[in-house]
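All remarks here apply to the structure that follows.
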Amino acid sequence: MILGKSFDLRRVFAGSGRVSDTPVTDVSFAVIDSETTGLDPLQDRILSLGGLKIKDNRIKVSETLELFLAQDHFDARSVPIHGIMREGPNKRISEKEALVQLRDYVGDAILVGHHIGFDLEMIRRAQQRHQLPYFTNIALDTGLLYRKTLLKSPLVPKKQHYSLDELAEKYNISCKDRHTALGDAYITALAFLQILSQLQEKRDLTLKALIRMGT
Amino acid sequence: MSNRIAERVADFLGRYPPFNDLTKRDLRRLSEAVEIIYKERGTRIFGVDEPAHEFFYVIHRGAVELQNKDGGEIIDICDEGDLFGLRPLMAGENYKLEAVSREDSILYALPISEFRPLIQTYEEVGDFVIASFASNTRNPYSRKISNTPGNALSGMISGRHDTPFTEILPIHPRKDLVYCTPKTPAQEVAAMMTENNVGSVIVLNNNLPQGIITDKDLRNKIVTGAHPISAPAAEIMTSPVVTYPARMTITQAQLAMMKNGIGHLCLTEDGTTESPVVGIISKYDLMLALGNSPEVLLRAIKRTRKVKRLKPIRSRIAILLKGYLENNIPMSITMKMISELNDACIKRILELSLRKQGKPPVPFAWLAMGSQGRGEQLLQTDQDNALVYEDVSRADSEMVSAYFLQLAKRVNEGLKTIGYEYCPADMMASNPNWCKPLSAWKETISSWIHNPGKEEVLLSSIFFDFNYTFGSRNLVTELSNHIFSNTDKYPMFYYHLASGALQNPSPTGFFRQFLVEQDGKHKDFFDLKRRVLMPFTDAARVLILSHQVRYINNTAERFEKLAELESNNRDFFLSCSYATKALLKFRTKQGMLHNDSGRFIALDTLNKEEKIKLKRTFKILKELQELVAVRFKVSNRIV
């Protein structure tokens with residue numbers, strides 16, 4: 001949504017060969033998710049950020065990120081959904097600090113998220129507020145990738161959007177910690193691994209093809 | 001820093017040995033070092049002689065097979081919570097077995113460097129590791145927990161590596177027989193049994209078996225007070241005793257016990273009660289001789305309290321099936337045995353679901369349809385099922401329908417849990433179209449029969465192979481009565497059913513080549529189901545229905561019945577029956593080989609003999625289709 005196809009892929013993978021022949025297993029992915037006060041990127045704020053790293057088809061439990069942001073803007077209506085209070089039990093950091101930590105964590109990994117366009121837009125607005133540079137990483141949407149795994153059949157029309165709950169049900173992933181940033185990132189990561197393996201079943205998957213399907 | 005994912009991993013590991021002995025802190029630390037891996041079905045995790053990884057594995061979800069060499073003999077099947085790949089790491093060796101995911105699996109990879117210190121700190125963990133070395137099973141605790149069903153597999157495997165499928169080895173009956181005379185008092189009989197540690201005594205009269213006394217007889221007849229403990233053996237024995245000839249295979253012995261509902265077989269010289277006894281076989285003997293017997297599995301199914309626990313039993317049914325196929329047990333016996341076990345699983349799921357859901361408001365029946373209904377489902381494929389319930393008043397109809405839909409949903413989910421995929425066309429009882437009161441079903445059936453379009457023929461061909469699985473038999477009888485009274489009135493329906501059966505033309509094309517699929521995922525594969533098996537099944541259905549024969553669903557059995565009914569076509573129908581069985585066996589073997597439904601066959605993997613065999617069935621199919629075309633006057637078909 002933010003990154004056009006004109007984006008120079010080679011720059012990100014300088015030194016690791018051309019994008020078209022990079023095997024997917026050699027690439028680092030950072031699966032991220034954010035919880036926000038609402039759905040309006042202009043008015044609403046990020047409450048928390050969660051991240052998991054995938055490399056060589058593995059999730060490393062030790063390399064997870066979970067950040068809770070101190071809030072000025074606060075909407076009590078969204079508390080029942082994600083359970084984050086303005087003053088919660090978790091340690092809070094400033095928005096700016098969170099953005100810096102997120103950037104360090106992500107590095108030059110390919111970003112992955114469920115309907116990641118929205119999360120990136122929220123992050124971009126925050127970066128704008130603090131005059132921080134935007135992310136230039138490639139970003140893959142598991143919502144789009146999931147649609148590619150589905151049968152092409154007039155009998156089973158594809159939906160425009162598939163929710164994370166639908167993916168969790170399809171892949172039989174427990175919805176424990178749903179609606180926490182890290183919990184949702186974990187569900188997304190497991191779904192992503194399964195989607196990758198389904199896509200690979202049909203043909204040898206190059207990074208280039210993956211990017212074409214997921215952006 | 002708190003790590004939610006590590007907590008999640010710890011919650012899971014903490015439920016299984018040896019991790020349940022760790023303190024929270026150590027478990028947490030270990031969990032943080034875990035890597036989570038997803039392995040699609042059929043992917044190798046490690047191979048024989050591969051240097052050991054830095055990790056060993058715990059299955060979070062799915063199942064993994066451990067086997068000798070490439071696709072060799074399966075040594076063990078690991079399930080959720082099972083641990084594997086630890087031994088080579090501890091011993092500093094290469095892997096001795098190959099690990100392949102049997103289902104889509106999520107694995108936790110645990111680094112040995114984090115685990116090793118725990119072996120020293122915790123005695124329990126050390127014991128676990130040592131025990132797992134000694135017993136060669138994945139989980140040494142499993143046999144301590146229970147020595148029955150759940151783990152007969154590991155027992156069998158560790159006990160006899162070379163011959164895991166001993167189905168047809170002859171049993172050696174016990175020579176030192178414990179016996180008494182008809183006059184021996186019950187008390188003495190009991191003492192004798194205790195002393196010899198046996199569960200049965202044969203009552204001999206003039207050296208011939210007159211009866212048998214088992215633990216059960218003592219319980220039912222003496223302990224209940226019906227007879228005094230001084231009663232003579234003749235009064236409390238079960239007579240006549242069921243006898244069999246001395247040389248039996250294990251499978252024959254199992255069948256004999258299942259058939260008679262007894263736990264002891266008396267073997268005599270010529271197999272009758274008129275010749276001397278040579279030995280006795282008890283269920284226990286059988287169980288010892290055989291880790292996986294249908295008997296044991298059936299009992300395990302009936303005892304299961306959670307649907308999830310049926311899943312490992314299903315893997316063992318698959319092993320049993322493999323044994324049958326390898327030992328060339330007649331296909332008709334194999335089909336019966338396996339479908340009996342499948343039925344038992346479904347029944348159990350229904351019982352468990354009913355327990356959760358509460359008493360049904362009115363009687364109902366659960367129907368298996370399609371291949372399951374025909375008793376031909378050897379491999380787990382899709383589920384096709386339906387539910388019929390008694391008619392209710394209009395006021396109650398909503399409540400009752402909601403109850404049964406909910407019940408069906410539970411059962412469908414349960415079936416999915418144990419490995420039956422959802423029906424892609426949604427022909428399942430949780431679909432309101434397949435879960436209806438009797439009168440609504442009757443209407444549906446009538447409309448299928450009276451207006452047979454393409455769709456109706458397809459639906460009825462699936463539905464008409466229904467088989468009662470559970471609930472009220474009366475409802476099922478009424479349904480079949482309805483079908484036959486209707487088809488009688490509308491003979492045109494046979495014509496349509498017959499044209500449906502002829503839809504798939506002969507599987508060989510020009511130059512007698514196999515027709516393979518032209519496009520899609522299965523390009524260049526031969527579709528065994530659509531091109532050969534289904535035409536046989538469809539033809540058998542229309543022929544048997546036109547004879548108004550009911551209660552025979554199995555295709556091979558239908559042909560046998562046809563052979564009986566039409567003596568002039570006898571040989572031909574028998575060869576159809578034979579071809580059907582051969583094809584089903586072929587499909588099942590292919591399916592087991594590739595761990596799929598066996599429907600699509602890569603022709604280049606077949607040897608010449610197999611191809612010839614396959615082609616022979618095509619010829620029979622062609623004749624069969626011609627017979628159907630002539631009989632039901634279907635002329636405009638493409639062959």
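Lettering follows sequence order; numbering is per chain, from 1. As a basis for the values below, the full set of heavy atoms in this structure was taken, side chains included, without hydrogen atoms, waters or symmetry mates. Remember, predicted model here, so these are calculated numbers, not experimental data.
- Taking CD of B/E7 as the reference point, atom CG of A/L182 lies at 10.0 Å (rounded to 0.5 Å).
- Around the NE2 atom of A/H161, the shell of radius 6.0 Å holds no more than 12 heavy atoms that belong to other residues, nucleotides or ligands.
- At least one side-chain heavy atom of B/I36 sits under 4.5 Å from a side-chain heavy atom of A/Y186.
- A 6.0 Å sphere centred on NZ of A/K170 holds more than 12 heavy atoms belonging to other residues, nucleotides or ligands.
- In this structure, chain B has no heavy atom under 4.5 Å from any part of A/L196.
- At most 12 heavy atoms of other shown residues, nucleotides or ligands fall within 6.0 angstrom of atom NZ in A/K96.
- Note that CD1 of A/I195 is 10.0 Å distant from OH of B/Y38, once rounded to the nearest 0.5 Å.
- Heavy atoms of B/S31 lying under 4.5 Å from chain A belong exclusively to its backbone.
- A side-chain contact (heavy atoms from CB on, under 4.5 Å) with B/I106 holds for exactly one of A/I59, A/L193, A/L190; it is A/L190.
- For B/D104, no part lies near chain A; criterion is any non-hydrogen pair under 4.5 Å.
- Side-chain contact between B/E35 and A/V61 is absent, with no heavy-atom pair separated by less than 4.5 Å.
- For B/E50, the CD atom is densely surrounded, since the number of other residues' heavy atoms within 6.0 Å is greater than 12.
- Between B/E40 and A/S197, the closest heavy-atom pair is OE1-OG, 3.0 Å.
- When every heavy atom of A/I173 is checked against every heavy atom of B/R8, the shortest pair comes out as CG2-NH2, 4.5 Å.
- Annotation for B/R309: atom CZ does not count as buried by contact number, only 12 or fewer foreign heavy atoms lying within 6.0 Å.
- A cation-pi arrangement is found for A/R58 relative to B/F55, the charged atom lying closer than 6.0 Å to the ring centre and inside a 45° cone about the ring normal.
- In this structure, the portion of B/V9 lying under 4.5 Å from any heavy atom of chain A is its side chain and not its backbone.
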